[in-house]
Amino acid sequence: MKNSYSALILSTCAIALVLALGACSKTPEVSSANAPAMPATAAGPINVSDMDVTEHVKTALQNNDALKGFDITVVTLKGDVRLMGQLDS
C-alpha cells in the first residue's frame with residue numbers, strides 16, 4: 001500500500017513538472033490576420049514609448065462599445081501592458 005501511494009505521488013509530481021516546463025517554453029502564436037501592421041524599415045523595429053502605448057490602448061478601450069463604460073486602468077512598463085479593472089463577465 002505504501003509503495004503504491006509513493007508511486008502515485010511521484011508520478012503526479014512528474015506530470016506536474018512536465019506540464020510546467022512545457023508551458024514555460026511555449027511562445028505565443030500570432031497569426032498574420034491579428035498582427036498589427038508594422039512599417040518595414042531598414043533600421044529595424046521602431047521604439048515606441050510606454051506613454052504612447054498606454055494612450056493607444058486607452059483609446060482602443062474607449063472606442064470599443066462593449067468596454068467604454070468600464071473603469072479599466074492601463075499601465076505600461078518597458079512594453080509590458082497590464083490592464084486592471086472589473087468587468088461584469
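Quantities reported herein were computed from a predicted structural model and do not represent experimental measurements. The figures here come from the full heavy-atom set of this structure, side chains too, leaving out hydrogens, waters and symmetry mates.
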query: For Lys78, what residues pass the side chain to side chain contact (heavy atoms under 4.5 Å, CB included) criterion, not counting sequence neighbours?
result: none

message: For a 4.5 angstrom cut-off between non-hydrogen side-chain atoms, does Val75 reach Thr54?
response: no

message: Just verifying a value: how many Å separate Leu83 CG and Thr73 OG1, rounded to the nearest 0.5 Å?
response: 9.0 Å

- prompt: What are the two closest non-hydrogen atoms of Gln62 and Lys68, and how far apart are they?
  reply: O-CB, 3.4 Å

- prompt: Under the side chain to side chain contact (heavy atoms under 4.5 Å, CB included) test, which residues partner Met51, sequence neighbours left out?
  reply: Ser49

- prompt: Is any side-chain heavy atom of Leu61 less than 4.5 Å from a side-chain heavy atom of Val74?
  reply: yes

- request: May I ask you to test the Asp80-Thr76 pair for a side-chain heavy-atom distance under 4.5 Å?
  value: no

message: Determine whether a donor-acceptor pair (N or O, by modelled atom type, separation under 3.5 Å) exists between the side chain of Asn64 and the backbone of Ala60.
response: no

